[in-house]
Amino acid sequence: MNNIETKLGKLQFQNPITVASGTFGYEYSDYVDFNKLGAIVTKTITKHPKIGNKPPRLFETSGGLLNSIGLQNPGLENFIKDELPKYRGFSTNLIISFSGSSISEFKEILLRLEDEEGIDGYEINVSCPNVENEGLAFGVDAKIVNKLTGELSKLTTRELTIKLSPNVTDIKEIAKAAEDGGADSLSLINTLLGMAIDWKTGKIYFKRGLAGYSGPVIKPVALNLVYQVAKTVNIPIMAMGGISNWMDALEFIYAGASVVAIGTQNFVNPKITIETINNLQNFLEEKKLTIKNLIGKANMEEK
Amino acid sequence: MQKILPINYIEKINKDYFIIYIKNKELALKSKPGQFFELLPMGNYKGLLRKPISIYNIENDTIGFMIKKIGYGTKYLSQLKVGDFIDFLGPLGNSFNIPMNQKVMLISGGIGYAPLFYLSKELKNKHNSVIWIHGGRSEKDIFDSNIMNYTNDGSYGKKGFVTSNLEKILEVEKIEKVFTCGPQIMMKEISKITQKKEINTEVSLESYMACGIGVCKGCSVLIKKNNENVYKTVCKDGPIFNSKEVVWDE
């Protein structure tokens, strides 16, 4: 058996490294051979085009990045016409991230995408902090997540993964609700809520006040949430949150992730995904380990 | 392109400004005036994101980056030594549209001087006559005594702003095209004046930036396209825009 292969629900992955939605796009094909990734996860698309939030949209902290992009995207039909054809040609898994403002809109988007070939799965974004009435309201309510997942899982045989927000009282409850609703897998975490204020003037930096926080600083938070959720559910996890190198990736696999996604670090090093895959492969070969035997094997043993 | 290259030479201008030079034929050949690179210092750098720095000069294989010490990233860059390595991503973005045989004016403010330097050379190569107005807060923001300089405090050149006498200069010199880079407020005022005079004006915009290649949409600015306002990325759609397209009052 190939030691770096893994699975996410219905999908076979040639390696566990993929990309976090929102941080990756076709532009990276100048730097990365997409065929070598475990999967491609697109930026979140919505039914109608979204112009995005008013600038400023970025703020850098020590080891972290606040963003307020607002799911800027060309909308479902433009995505299908202009972008989907570019992604279809790759031999790896293609996971489309989308969000809606009601259960019926989520269903409508999914059904439209069912007509399109070359898609292997959906990541349901119920957790973006940067838009009003979209996603996040769903993601914080276990009952709605359960209902949404139930409705969507009936409509597709493709991989259905629910992206969870860390900005909830108990993520385990939401995770269980998605599993009970028929999700094939979970992906976590979306960005943490954060904000920035100028100490000199008291001015709130982002127009919406809040923003999504990502980058290496959130890794310990993400690691804990992945660990907690992995102990709670039986469906596999795609983990993201500050993963910046192959060692971070291994930590998340130990915590219970079957697949790990690199996000903010793509902005720093466009080749980080490929470097991570190669380094992970070398490590596993050297230590004669396989990914599948490491998933969820975090332990307290003295070594 | 992504290349890790050593610093070949460092020129210290004064306590706020310095120039880093690298040597790479391939990058030098690809680079056009107005484009930029995203720099990530190797070693002990504790910043997260790369720093977008415009191309100051190209001479044969040598590329120069003129940098102002502002935050952690640029201060870190200022402490590097010859031989230290930087990870370069670029050249990125679009470039200035260079006319031929025209009377053009360059208007810069502060570090906005940097991208216009390389542009000025290419303009002269294309037989344009070039007038350059530069402004800064004080004497230390002045880089060339042979151009028209303004300082806010009057410590060098004329006291005032680059816009102080602009309308008249444009008229007298019969300027056909304007290129500008500097603070947003300065470029906004210049655009108002040149639009009134119907002079084609290209602006080089600045923004917080993450990916540098058009993916994250973090550096978006509002741009008028076909009577509709849309967000365009400074990193990929820009950094050069026609001043008429820019929605200044966002």
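Only heavy atoms go into these numbers, but all of them, side chains included; no hydrogens, no water, no symmetry mates. Just so we're on the same page: letters track the sequence lines, and every chain starts at 1. The structure presented is a predicted model; accordingly, all values stated were derived computationally and were not measured.
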Chemist: Decide, yes or no, whether a salt bridge links Glu228(B) with Lys225(B) under the criterion of side-chain N to carboxylate O below 4.0 Å.
Modeler: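 Looking at Lys225(B) together with Glu228(B), the answer is no, because their closest N to O distance does not fall below 4.0 Å.
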Chemist: Tyr26(A) versus chain B, heavy atoms under 4.5 Å apart: side chain, backbone, both or neither?
Modeler: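 For Tyr26(A), there is no contact with chain B at all, as no heavy atom is under 4.5 Å.
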Chemist: Would you verify whether the NZ or CZ of Arg57(A) falls within 45 degrees of the ring axis of Tyr231(B) while also being under 6.0 Å from that six-membered ring's centre?
Modeler: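 Yes, a cation-pi geometry.
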Chemist: Look at atom CD1 of Ile204(A) and say whether more than 12 heavy atoms of other residues, nucleotides or ligands are closer to it than 6.0 Å.
Modeler: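 No - once you tally the heavy atoms of other residues, nucleotides and ligands closer than 6.0 Å, there are 12 at most.
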Chemist: For chain A, which of Gly212(B), Ala210(B), Gly71(B) has the most heavy-atom pairs under 4.5 Å?
Modeler: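 Of the options given, most contacts go to Ala210(B).
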Chemist: For the pair Lys81(B) and Asp84(B), find out whether any cationic side-chain nitrogen is under 4.0 Å from an anionic carboxylate oxygen.
Modeler: no
Chemist: Indicate the ring-plane relationship of Tyr72(B) and Tyr76(B), choosing parallel, tilted or perpendicular according to the 30° and 60° boundaries.
Modeler: tilted
Chemist: At a 4.5 Å cut-off on heavy atoms, which part of Thr23(A) comes close to chain B: side chain, backbone, both, or neither?
Modeler: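 For Thr23(A), the backbone is the part near chain B, not the side chain.
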Chemist: Which atoms of Lys232(B) come close to chain A, meaning under 4.5 Å heavy atom to heavy atom: side chain ones, backbone ones, both, or neither?
Modeler: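 No part of it gets close to chain A.
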Chemist: Considering only heavy atoms and a distance below 4.5 Å, find which of Val230(B), Asn229(B), Leu40(B), Leu89(B) pairs most often with chain A.
Modeler: Leu89(B)
Chemist: By a 4.5 Å heavy-atom criterion (distance strictly below it), what part of Thr264(A) contacts chain B: side chain, backbone, both, or neither?
Modeler: side chain
